[in-house]
Amino acid sequence: MPKSYTEQERTYINNRLKEEAKKCLAQFGIKKTTVDEIVNRVKIPKGTFYLFYKSKELLLFEVILEQHELIENELYKAIDMIDSNNCDEEQLTNLFFHFFEKASDSPILKLFNSDEIELLIRKLPQELIQEHFSHDSSMIEKIMGNLPVKADINIDAFSAAFRALYFSTLHKDELDSASYDESLRLLIRGLVIQML
């Protein structure tokens with residue numbers, strides 16, 4: 001019979017699992033991060049892990065999403081500080097560029113550049129992936145709600161375009177680094193011009 005934990009213990013164990021999973025992801029990547037390694041670091045029995053997560057992949061996906069949300073919340077705060085009446089293309093381009101750079105420098109989010117992310121996604125419920133993409137569209141909608149954008153803007157198209165730009169940042173090491181930043185800035189500016 002599984003041990004029952006108080007709410008405080010459950011919160012502590014869950015936080016520790018995510019904390020150690022984050023460290024393992026940065027150190028080993030997705031494939032080499034194991035449940036055994038995580039529970040050893042948290043100092044809990046392996047069976048306890050499965051009281052919290054049905055699979056390693058669900059834990060790792062949650063950790064990746066939390067990193068994504070941290071950057072997303074910083075972006076919301078930065079957008080909120082913009083005076084929408086005096087907002088211009090250059091200001092928005094610089095803002096988005098900064099956050100694309102920040103996301104591409106995150107060791108956890110860099111995992112999207114590896115073949116391992118496909119292994120993770122294949123083992124996740126499809127509804128979870130779709131929910132994440134819906135969240136991305138909601139995020140773009142929320143951002144645009146605070147900016148002086150055109151009335152007939154297609155949120156889904158812009159969401160997909162920003163996602164495509166993000167995925168391009170994951171391959172910047174494969175491209176000419178001298179011109180990469182400038183080309184990313186040009187692409188962001190193109191989206192911003194079409195938004196305003």
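Hydrogens, waters and symmetry mates are skipped; everything else that's a heavy atom, side chains included, is used.
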From [X] atom [atom1] to [Y] atom [atom2], the distance as rounded to the nearest 0.5 Å:
X    : Y    : atom1 : atom2 : answer
F99  : I143 : CZ    : CD1   : 9.0 Å
I71  : E101 : CD1   : CD    : 11.5 Å
M195 : L147 : CE    : CG    : 5.0 Å
L124 : Q126 : CG    : CD    : 9.0 Å
S183 : I188 : OG    : CD1   : 9.5 Å

Any idea which heavy atoms bring [X] and [Y] closest together, and the distance?
X   : Y    : answer
L60 : A21  : CD2-CB, 4.0 Å
F97 : D181 : CE1-O, 3.5 Å
T6  : E9   : N-OE1, 2.8 Å
R10 : F52  : O-CE2, 3.4 Å
I38 : C24  : CG1-SG, 4.2 Å
L25 : V63  : CD1-CG1, 3.9 Å

Any heavy-atom pair between the side chains of [Y] and [X] that's under 4.5 Å?
X   : Y   : answer
L75 : L95 : yes
L59 : F49 : yes
T48 : V39 : no

Cluster overlap [X] with [Y], hydrophobic side-chain contacts below 4.5 Å:
X    : Y    : result
I79  : L70  : no
L92  : L186 : no
L128 : L17  : yes
Y50  : F61  : yes
I193 : I153 : no

Is it the case that the side chain of [X] and the backbone of [Y] share a donor-acceptor pair, with hydrogens and angles ignored and the cut-off at 3.5 Å?
X    : Y    : value
S159 : I155 : no
K56  : I30  : yes
N40  : D36  : no
R16  : R41  : yes
E37  : T34  : no

**Report entry** Partner of E62 under salt bridge (Lys or Arg N to Asp or Glu O under 4.0 Å), chosen from K22, K18, K54
**Finding:** K18
Atom [atom1] of residue position [X] - does it have more than 12 heavy atoms of other residues, nucleotides or ligands inside 6.0 Å?
X    : atom1 : answer
Y76  : OH    : yes
K150 : NZ    : yes
E90  : CD    : yes

Requested in this report: May I ask you to decide whether K102 forms a salt bridge with E74, counting only side-chain N to carboxylate O separations under 4.0 Å?
Outcome: yes
Query raised in the report: Would E20 and K23 pass as an ion pair if we require N to O under 4.0 Å?
Result: yes
Requested in this report: With side chain to side chain contact (heavy atoms under 4.5 Å, CB included) as the test, would you mind laying out the steps for N94 and R185 before giving the verdict?
Outcome: CA-CA 8 Å; N94 289 336; R185 196 177 287 278; 2.5 Å; yes
Query - Criterion side chain to side chain contact (heavy atoms under 4.5 Å, CB included) on L51 and Y5, from CA distance to verdict - result: CA-CA 10 Å; L51 294 174; Y5 294 99; 4.0 Å; yes
Report task. Could you tell me how the ring of F162 sits relative to the ring of F100: parallel (under 30°), tilted (30 to 60°) or perpendicular (over 60°)? Result -> parallel
